[in-house]
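Heads up: the structure comes next, in structure tokens.
Chain A is the first sequence line, chain B the second, and so forth, proteins listed ahead of strands; every chain is numbered from 1.
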Amino acid sequence: MKKYYAALCQLIQNSAKFNRDSCVYFVRKYARASENMLMPRLVRVNTKTKQQWEEGKHTDGQKWKSLEHKGPLFPPEYEHLPSSVPFLYDGEPVKLSMSTEEVATFYAKMLDHEYTSKETFQSNFFTDWREVMTEDERKLIKKLSKCDFSHIHSYFVKKAEEKKNMTKEEKQVLKEETDKLTEEYGYCLLDGHKEKIGNFRLEPPGLFRGRGEHPKMGKLKKRVQPEDVIINCSQDTKIPEPPSGHRWKRVQHDNTVTWLASWVENIHGHIKYIMLNPSSKLKGEKDWQKYETARKLKLRVDGIRSEYRRAWRAREMKQRQRGVALYFIDKLALRAGNEKDDDTADTVGCCSLRVEHITLHHHLDGQDYVVEFDFLGKDSIRYYNKVPVEKQVYKNLKLFMEFKGPEDDLFDRISTTYLNKKLNEAMPGLTAKVFRTFNASTTLQEQLSKLTVDDMTVEEKILAYNRANRAVAILCNHQRAAPKTFEKSMQTLQEKIRKKKEDLENAKKELKQAKKAHKECPTEKTRKLVEKKEKAVKRLAEQLKKLQLQETDREENKVIALGTSKLNYLDPRITVAWCKKHRVPVEKIYNKTQRDKFAWAIDMTDEHFQF
DNA sequence: GAACGTGACTCAGAAAGTTCCCC
DNA sequence: TGGGGAACTTTCTGAGTCACGTT
């Protein structure tokens, strides 16, 4: 941890060289927080900023000096269903105990989803549900197929409908209540500065879904009690109160970590945390540091690439595997691919690829040495790609696959730990995931410079940006389900375009006529008419162009998620510099949340920034 | 020193909620 | 101008990465 802080301090100094105003962001944010909290306001001064900022730094792994918060916000307790909403077993109404009914409502609420029809889901749910039943209920309710949740389901559908149809005033009251809770629980004081918390609400109980074919889907996610929660805060400030009649599992004062509260979830036994919002200083610093590491890789990447290419011909199989794995991570932006527990969905990354996930083609579609990838990656998103590779890589892959079955590991001699150890030797701080950040940001910068032309309109520039962003999303395989309304909204848009074209044609005709009339008998009136018609044509043409751009953008974006790369992989300074250079308002690219998260970059970057 | 487990953090898409825009 | 739906934003929480300690 020490080395990180030393590195961060170095980083800040370097960045200060780059732009002496680099620390203004933090001072400005503090000033904003101070206003809210009626604390003495820090003044926006540039010369002292760096010093002021460094004063707050810790070099010994400490993340904060003081941390005060209200603890997590618990979900409301369960309330019985009205007696008019029956649960039926084998056609007969059965009055359920509180806990049994609560779990039944979790299932009933999900009936619309396709996954409740899956066997794993049903069986996991039923097993866990029976565990919360009373002895009598267990004796009676033996088959899920005999359970009728439809009345409960309809009840919640109706309630949702009612909520939707509330009057403006009723909705306003509800919003005020939410805002009040957010104000109370949604912020903490970190080193005296008000910071937004990311997830201050404890996860409510429900049924675990998981992504893809998760073996634990349908299991009961239990209600978290105060007795399960560890509070992390400073010793000398007010310690959060547990709900009345309860106590915390523990209160600790560990300032080497950034979380405010934690608990262990019951599905996998993993720890869950309450942490700060991405707009916070702590997260901002870490984000900045991430991009600086990726920038460092830029300076070293040629050497690293030469090295892993050499490894392709190494005598030791382990070295060859490392060389090829790194090549994939670098060229295809694959994730590292840690080993996973058996009780999770079967997904893989680079190091955990199995023989069955690739097919080798000596020739394919006019190309030589093609590797066809087909596997499920993070979140069970399919990765499918046909990539021509270098001959030596191809030969190595053949070698790695020799005498192996489809379910054997392709890279059986290496692990992510080993890979990262080697990477760290090549460049301190370098790990497999840095390649994703590096390649994503590099791609954005290249694409932006390729796609942006000075005389473009702002709309065209935005399309260019989206296209550059899209290139990165494709590289990183960031996919989304096509929006449910996609086809319909596309049709609407196409209809609009058709109509606009028609209008434009008509307007052109009218202009022609007006011009003719003006030529034949020029008067002030006819001249004005020509002007008016010219304006109309121009306006319609612009509108048409805008719609067509929209169509292209939407079509190209159908199954691609741009948000993930924008938020996590693209150095925001590239975007800010591009906006400044091409006079595109940064608000057109980043929404409010994104501007908050990237405030550090917005403040410190000028148009000359190069990743 | 390798295998394993744990902890802390980043990254991920879906769903819910809100705003905007057009008829 | 206001209602409806599309688009955008925010929230939610699951799924990864990676460091580190223990065996």
- Looking for any heavy atom pair under 4.0 Å, which part of the strands does Arg335(A) touch: base, sugar-phosphate only, or nothing? sugar-phosphate
- Task: For dA15(C), take OP1 and OP2 only and decide whether either is under 4.0 Å from a side-chain N or O of Thr344(A).
- Result: no
- Item | Rounded interatomic separation in angstrom, taking NZ from Lys216(A) and P from dA15(C) | 11 Å
- How would you label the contact of Thr347(A) with the nucleic acid (heavy atoms, under 4.0 Å): base, sugar-phosphate, or nothing? sugar-phosphate
- Answer with yes or no whether Lys378(A) presents, from its side chain, a donor or acceptor under 3.5 Å of a partner atom in the base of dC11(B). yes
- Item | Interatomic spacing from OH in Tyr418(A) to CG in Leu423(A) - rounded to 0.5 Å | 10.0 Å
- Under 4.0 Å between any heavy atoms, over every strand shown, what does Asn568(A) touch: base, sugar-phosphate, or nothing? Just pick one. sugar-phosphate
- Taking only the side-chain heavy atoms of Ala561(A) (C-beta and beyond), determine which of dT13(C), dC18(C), dG13(B) contains the nearest atom. dG13(B)
- Message: Here's one to test your reading of the geometry: is the NZ or CZ of Arg322(A) within 45 degrees of the ring axis of Tyr308(A) and under 6.0 Å from its centre?
- Response: no
- For Tyr465(A), is the NZ or CZ atom of Lys566(A) found under 6.0 angstrom from the centre of its six-membered ring and inside 45 degrees of the ring axis? no
- Task: Tell me which nucleotide among dC12(C), dT13(C), dG16(C) gets nearest to the side chain of Arg201(A).
- Result: dC12(C)
- Message: Taking pairing as Watson-Crick or G-U wobble with both contacts under 3.5 Å, can you name the mate of dC11(B), or confirm there isn't one?
- Response: dG14(C)
- Message: If you only use heavy atoms from C-beta on, which nucleotide in dT10(B), dA12(B), dT13(C) is closest to the side chain of Lys286(A)?
- Response: dT10(B)
- Identify, between Lys283(A) and Lys175(A), the residue whose nearest nucleotide on DNA chain B lies closer to the 5' end. Lys283(A)
- Answer yes if the side chains of Asn420(A) and Thr431(A) hold a donor-acceptor pair under 3.5 Å, and no otherwise. no
- Query: dT13(C), dC18(C), dA12(B): which one has an atom nearest the side-chain heavy atoms of Pro204(A)?
  - Reply: dT13(C)
- Message: Judged by each residue's nearest nucleotide on DNA chain B, which is more toward the 5′ side, Ser565(A) or Lys421(A)?
- Response: Lys421(A)
- Regarding the side chain of Ala481(A), the nearest nucleotide among dT13(C), dG17(B), dA14(B) is dA14(B)
- Options dG13(B), dC18(C), dG14(C), nucleotide nearest the side-chain atoms of Phe208(A): dG14(C)
- Would you please test Tyr590(A) and Thr575(A) for side chain to side chain donor-acceptor pair (under 3.5 Å) and show each step? CA-CA 9 Å; Tyr590(A) 287 145; Thr575(A) 302; 3.2 Å; yes
- Message: With ring pair (Phe, Tyr, Trp, His ring centres under 6.0 Å) as the rule and sequence neighbours excluded, what pairs involving residues 255-286 of chain A come up?
- Response: Phe208(A)-His268(A), His214(A)-His268(A), Trp259(A)-Tyr273(A), His268(A)-His270(A)
- Whole-Å distance between dG13(B) C1' and Arg382(A) CZ? 18 Å
- Message: Side chains of Asp596(A) and Gln594(A): any donor to acceptor distance under 3.5 Å?
- Response: no
- Query: Of all the nucleotides listed (dC18(C), dA15(B), dA12(B)), which has the minimum atom distance to the side chain of Ala336(A)?
  - Reply: dC18(C)
- Message: Which residues in residues 259-277 of chain A have a heavy atom closer than 4.0 Å to any atom of DNA chain B?
- Response: Trp259(A), Ile271(A), Tyr273(A), Met275(A)
- Query: What is the distance from CG of Leu73(A) to P of dT11(C), rounded to the nearest Å?
  - Reply: 13 Å
